[in-house]
Amino acid sequence: MIDLKYLQKNFDEASAKLVKKGVDEATLENLKELFATLKSANATLEEAKAEQNRMSKLFGEYMREKKDVTELKAQVDAKKEEIVGLQAVAREAQEALEHVALAMPNFPDDSVPMGADEEDNIELKKVLEPRKFDFEPKEHWALAEVNGWIEFERGVKLAKSRFAVLRGEAARMERALINFFLDVNREKGFEEVCVPFINNGAMLQGTGQLPKFEDDLFKIDDEDLYLIPTAEVPLTNLYNDEILTQKELPILLTGYTPCFRKEAGSAGRDTRGMIRQHQFDKVEMVAITTPEQSEEIFKMMVENASDILTQLGLPHRVVELCGGDLGFSAATTIDLEVWLPGQDKYREISSISNTRDFQARRAKIRYKDGKKNVLVNTLNGSALAVGRTLVAIMENYQNEDGTIEIPEVLKKYM
RNA sequence: GGAGAAUUGGGUGAGUGGCUGAAACCACAUCCCUGCUAAGGAUGCGUAUGGGUAACUGUACCGAGAGUUCGAAUCUCUCAUUCUCCA
C-alpha cells in the first residue's frame, strides 16, 4: 500500500509518479478525498466516544458517592445512540478507502524509465554470446518429443491445459536445478527455508496479490486459502505483523516451491511448450532490509541470478523494466532474459524487484530503529524459474540429432 | 470424532466488572558507577491511528468476531489455535 499521508501532503508529486504506472489523476484524487473523509469521520466518532467514556467514569463516581444516576444514564444512552450512527459512517468511509487504496499500485522509483509496455524496457547489458548453430536449432517441445522428456498430453489429461509431465532425465534435471540453485543461493548468504505451498488470504494481501489479482489465483473451495503463485508470498510474510530488531537485518531467504497461476488474461500466449504453465517450480530469493540496505542488496540479487545463468552457460540479457511494465508491488524491477535459440528470442527467466515499503506497509513488517518502528524494505527475485531454465538448457545445449548435453555444473547433481 | 484446559505487551507471567493499557521479572535503550573476560545502580520502554512545533493528548487494541452493561482483559455466545485425556 502506498503512503496515504504522503499522498495527501504531496499530491502533485505523487500523482506524477503514479502516471508512470498508468494510474490516472482522477483515481488518485478520489483516493485523496476518501482519505480526508475517513479522517473527519473518525475525528467526530472519536470525540463522541471520548465523551461517553468520560460519562461512564463519572457514573462510577456517582455510584460510590450514592448520587442519583438517572439523568446521567439518559445522557449516556443518547450518546450511545449517536455513536452507533457515527460508527456506521466511519466504517463505510473505511471500507471505501480500503477498496481503492489496496488496488493502488506502488510508486515507481524516480530512476524508472517512462514507457508503456515491454517494448520500452531498457537493455542494460548482454552476458555470454549466443552459440552459433551449424544446423537449425529446434524449439524445446520438438526436443522434448525426440528425447521423451516432456509429456504435454498426459499433463492435460491429469489436470487440464497448461500442465505437463516431466519424465526420466528431464525430471531428474528439474530436481538437479532446484538443488543447484538452492546451493548457490545458500553460498551467497541466503538461508534456505521450506514453507507451506498454501497461504491464507491475509498473506496474499500482504504481498499485494489480493484483492486485485484474485482471478489469477487458485483458491481452495470454502476456505480462506490459496495455492501460492510464488514463494515470495510465504517467504516475505514469514514476518507478517512482526517488529524485527535492526540487528536481524538484512534477512536473506531462499526457498524452493511450486508456483500456481491461473494465467488469467494470457489466453493464447505461449500455448505451446513449457514456458507458461499453471504449475511450475521456482527457487526464490527474498530479502527483508532497512531502507538504507535495500539498494545494495537489490544489486546483489541481480548479480546472483545472472551468475547462476552464467555458471550454466546460458546467454542472457539484463533488462530494466519501464513504468508501464512494472508489476503492481514493484518500485523497480530488473528482468533477466535467457536466450532461446529455438524461439530465436530472449525470454524472461528471472524478475528481481524492490518493493521498498509497499509490501511492508500492507504486511506490517517493521523494525525498531532506536525508539521508532520503521517499515522494512522487501525485495524478491527468482533464482531461478526452474522450468524455463530446463527449456533454456534444452534449446541451448541441443545437438543436431536432437540429443541434449548436460551443463557441466549440473553433472554432479544428476 | 468426543471431553476438558488454555490463548494477556519482544519473552516469562499476574490480573474475575470502574482506581488496569495492564503488576512483577527478563530482554532492550540511555545514563551512572566500576576498569576488565563480570557485577551493581538510575531512568525509559506495547501497537496502530488522529490532533499538537513540542510538552502532551483523543481513540482503538489483552487469540478473532459478536453480545450483555452506564462501564469488560475480566460475564455470555460463535469461531480459530494450542495442550491434556478418551475413541
Side-chain angles (χ1 to χ4, degrees), chain A residues 1-10 31-102 104 195-196 198-206 210 219-226 234 237-249 251 288 290 357-376:
Chain A
M1 192 143 73
I2 57 170
D3 184 350
L4 292 175
K5 262 195 266 183
Y6 168 79
L7 175 73
Q8 194 186 35
K9 286 185 184 139
N10 310 283
L31 180 60
K32 185 184 158 193
E33 268 168 37
L34 288 170
F35 187 51
T37 309
L38 175 65
K39 265 171 85 165
S40 79
N42 273 340
T44 352
L45 171 64
E46 280 171 17
E47 200 181 318
K49 279 188 179 172
E51 211 166 314
Q52 194 205 343
N53 287 343
R54 275 197 296 274
M55 287 195 270
S56 289
K57 274 234 161 78
L58 253 188
F59 205 100
E61 281 175 35
Y62 278 33
M63 296 290 275
R64 242 169 284 134
E65 294 165 16
K66 306 232 179 336
K67 284 200 215 162
D68 180 37
V69 293
T70 332
E71 196 187 329
L72 187 59
K73 182 159 166 22
Q75 279 175 21
V76 186
D77 284 341
K79 188 52 78 179
K80 274 173 79 176
E81 211 164 303
E82 185 190 334
I83 287 174
V84 170
L86 292 173
Q87 222 146 20
V89 174
R91 190 177 311 126
E92 207 173 299
Q94 176 74 37
E95 277 164 12
L97 177 71
E98 268 176 18
H99 181 72
V100 178
L102 287 174
M104 190 64 62
V195 289
I198 296 176
N199 282 192
N200 62 45
M203 301 304 111
L204 273 301
Q205 180 170 305
L210 287 181
K219 185 177 192 300
I220 312 284
D221 262 354
D222 303 320
E223 306 250 22
D224 178 32
L225 293 172
Y226 299 80
N237 282 297
L238 225 44
Y239 298 100
N240 189 298
D241 200 20
E242 292 194 22
I243 301 170
L244 304 160
T245 61
Q246 193 160 2
K247 269 185 288 191
E248 291 174 84
L249 303 176
I251 296 171
I288 315 278
T290 66
D357 62 8
F358 184 81
Q359 291 180 327
R361 186 172 291 107
R362 288 173 162 250
K364 300 194 193 76
I365 309 175
R366 297 140 293 171
Y367 74 97
K368 269 250 187 280
D369 183 6
K371 286 192 103 170
K372 293 195 313 275
N373 291 327
V374 181
L375 293 169
V376 298

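Sequence lines set the chain letters: A, B, ... in the order given, protein chains first and strands last, and positions in each chain run from 1. Atom set for the values below is all heavy atoms of this structure, side chains included, hydrogens, waters and symmetry mates excluded.
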Undergrad: So what does A/I243 touch, heavy atoms closer than 4.0 Å: a base, only the sugar-phosphate, or nothing?
TA: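 Sugar-phosphate contact only - A/I243 comes under 4.0 Å of backbone atoms but never of a base.
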
Undergrad: Please tabulate, one pair per line, all N/O donor-acceptor pairs under 3.5 Å involving side-chain atoms of residues 91-100 of chain A, not counting sequence neighbours.
TA:
| from | atom 1 | to | atom 2 | distance (Å) |
| --- | --- | --- | --- | --- |
| A/Q94 | NE2 | A/E98 | OE2 | 2.9 |

Undergrad: Does A/K364 reach a base, just sugar-phosphate, or nothing at all? Heavy atoms under 4.0 Å.
TA: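 A/K364: no heavy atom of the nucleic acid under 4.0 Å.
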
Undergrad: Would you kindly give the CG-to-P distance between A/L244 and B/G11, to the nearest whole Å?
TA: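 Spelled out: CG on A/L244 to P on B/G11 is 13 Å.
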
Undergrad: Mind calculating the distance between NZ (A/K57) and C1' (B/U20) to the nearest angstrom?
TA: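 Taking atom C1' of B/U20 as the reference, NZ of A/K57 is at 10 Å.
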
Undergrad: What residues form a side chain to side chain contact (heavy atoms under 4.5 Å, CB included) with A/K49, not counting sequence neighbours?
TA: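 In terms of side chain to side chain contact (heavy atoms under 4.5 Å, CB included), with neighbours along the sequence ignored, A/K49 is linked to A/L45, A/I83, A/Q87.
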
Undergrad: Under the side-chain hydrogen bond (donor to acceptor under 3.5 Å, both in side chains) rule, collect the residues that match up with A/K368, sequence neighbours excluded.
TA: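 Applying side-chain hydrogen bond (donor to acceptor under 3.5 Å, both in side chains) to A/K368 gives A/N373.
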
Undergrad: Return the set of residues passing side-chain hydrogen bond (donor to acceptor under 3.5 Å, both in side chains) with A/E47 (not counting sequence neighbours), or none when no residue passes.
TA: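 side-chain hydrogen bond (donor to acceptor under 3.5 Å, both in side chains) list for A/E47, sorted by chain: empty.
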
Undergrad: Partners of A/F358 by ring-ring contact (aromatic ring centres under 6.0 Å, His included), sequence neighbours excluded?
TA: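 Here the qualifying residues are A/F328.
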
Undergrad: What interatomic distance, in whole Å, is found between P of B/G40 and the corresponding atom of B/A66?
TA: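 Straight-line distance between the two P atoms is 47 Å.
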
Undergrad: What distance, rounded to whole Å, do you find between the two C1' atoms, one in B/C33 and one in B/A38?
TA: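 Straight-line distance between the two C1' atoms is 14 Å.
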
Undergrad: Using the C1' atom on both, measure B/U47 against B/G21 and round to a whole Å.
TA: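 Their C1' atoms lie roughly 11 Å apart.
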
Undergrad: Nearest 0.5 Å please: distance from the CG atom of A/L244 over to the OG1 atom of A/T290.
TA: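 OG1 of A/T290 is found 11.5 Å from CG of A/L244.
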
Undergrad: I need the CZ-P distance between A/R366 and B/G9, as an integer number of Å.
TA: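 Interatomic distance, CZ of A/R366 to P of B/G9: 14 Å.
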
Undergrad: In residues 36-54 of chain A, which ones come under 4.0 Å of RNA chain B, going by heavy atoms?
TA: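 RNA chain B contact set from residues 36-54 of chain A: A/K39, A/E46, A/K49, A/A50, A/Q52, A/N53.
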
Undergrad: Once you round to the nearest 0.5 Å, how far does CD of A/E242 lie from NZ of A/K364?
TA: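 Between A/E242 CD and A/K364 NZ, I get 12.5 Å after rounding to 0.5 Å.
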
Undergrad: Suppose you measure atom P in B/G44 against the same atom in B/A23; what distance do you get, rounded to whole Å?
TA: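 About 13 Å, rounded to a whole number of Å.
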
Undergrad: Measure NZ/A/K368 against C1'/B/G44 and give the value in whole Å, please.
TA: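 My rounded result for the distance is 12 Å.
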
Undergrad: Atom OH of A/Y367 to atom C1' of B/C28: distance rounded to whole Å?
TA: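 The answer, rounded to whole Å, is 17 Å.
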
Undergrad: Write down the distance separating the C1' atoms in B/A55 and B/A14, rounded off to the nearest Å.
TA: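 To the nearest whole Å, 33 Å.
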
Undergrad: Rounded to whole angstrom, note down the C1' distance from B/C83 over to B/U37.
TA: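 Roughly 43 Å separates the two C1' atoms.
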
Undergrad: Take the protein atom CD of A/E223 and the nucleotide atom C1' of B/C79, then report the distance between them rounded to whole Å.
TA: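 Spelled out: CD on A/E223 to C1' on B/C79 is 13 Å.
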
Undergrad: Name every donor-acceptor pair, under 3.5 Å, that has one atom in a side chain of residues 36-44 of chain A and the other anywhere in the protein, sequence neighbours excluded.
TA:
| from | atom 1 | to | atom 2 | distance (Å) |
| --- | --- | --- | --- | --- |
| A/T37 | OG1 | A/E33 | O | 2.7 |
| A/K39 | NZ | A/Q8 | OE1 | 3.3 |
| A/S40 | OG | A/T37 | O | 3.2 |
| A/T44 | OG1 | A/S40 | O | 2.6 |
| A/T44 | OG1 | A/A41 | O | 3.4 |

Undergrad: Using OP1 and OP2 only, check whether a side-chain N or O of A/K5 sits under 4.0 Å from B/A48.
TA: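 False: A/K5 side-chain N/O out of range (4.0 Å or more) of B/A48 OP1/OP2.
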
Undergrad: Mind running a 4.0 Å heavy-atom check of residues 77-87 of chain A against RNA chain B and sending the residues that fall below it, in number order?
TA: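 Within residues 77-87 of chain A, the residues near RNA chain B are A/D77, A/K80.
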
Undergrad: When the P atoms of B/U68 and B/U76 are considered, how many whole Å apart are they?
TA: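 Pairwise P distance, B/U68 against B/U76, rounds to 15 Å.
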
Undergrad: Please find the pair of heavy atoms, one from A/M55 and one from A/L72, that lie closest to each other, and give the distance.
TA: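 The answer is O-CD2, 3.9 Å.
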
Undergrad: Using whole Å, report how far CG of A/N200 lies from P of B/A64.
TA: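 Rounded to whole Å, this separation is 15 Å.
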
Undergrad: Which residues pass the side-chain hydrogen bond (donor to acceptor under 3.5 Å, both in side chains) test with A/D3, not counting sequence neighbours?
TA: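 Not a single residue meets the side-chain hydrogen bond (donor to acceptor under 3.5 Å, both in side chains) criterion with A/D3.
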
Undergrad: By side chain to side chain contact (heavy atoms under 4.5 Å, CB included), which residues pair with A/E223, not counting sequence neighbours?
TA: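 Testing A/E223 for side chain to side chain contact (heavy atoms under 4.5 Å, CB included), a comparison that skips the adjacent residues, returns A/I220, A/L225.
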
Undergrad: Using modelled atom types only, decide if a donor and an acceptor are shared between the side chain of A/N237 and the backbone of A/M203 within a distance under 3.5 Å.
TA: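 Yes, the answer is positive, given that a donor and an acceptor are paired below the 3.5 Å cut-off.
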
Undergrad: Note every stem involving RNA chain B: at least three consecutive Watson-Crick or G-U wobble pairs, i with j then i+1 with j-1, with both distances under 3.5 Å.
TA: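 Ordered by first number, the stems with RNA chain B (at least 3 consecutive pairs each) read B:1-7 with B:80-86, B:10-12 with B:24-26, B:28-32 with B:40-44, B:46-51 with B:56-61, B:63-67 with B:75-79.
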
Undergrad: Using the side-chain hydrogen bond (donor to acceptor under 3.5 Å, both in side chains) criterion, which residues pair with A/K73? Sequence neighbours excluded.
TA: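 Counting only residues at least two positions away or on another chain, A/K73 forms a side-chain hydrogen bond (donor to acceptor under 3.5 Å, both in side chains) with A/D77.
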
Undergrad: In whole angstrom, what separates A/E248's CD from B/A27's C1'?
TA: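 Going from CD in A/E248 over to C1' in B/A27 covers 13 Å.
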
Undergrad: Expressed in whole Å, how much space separates the P atoms belonging to B/U30 and B/U84?
TA: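 One P to the other, the span is 42 Å.
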
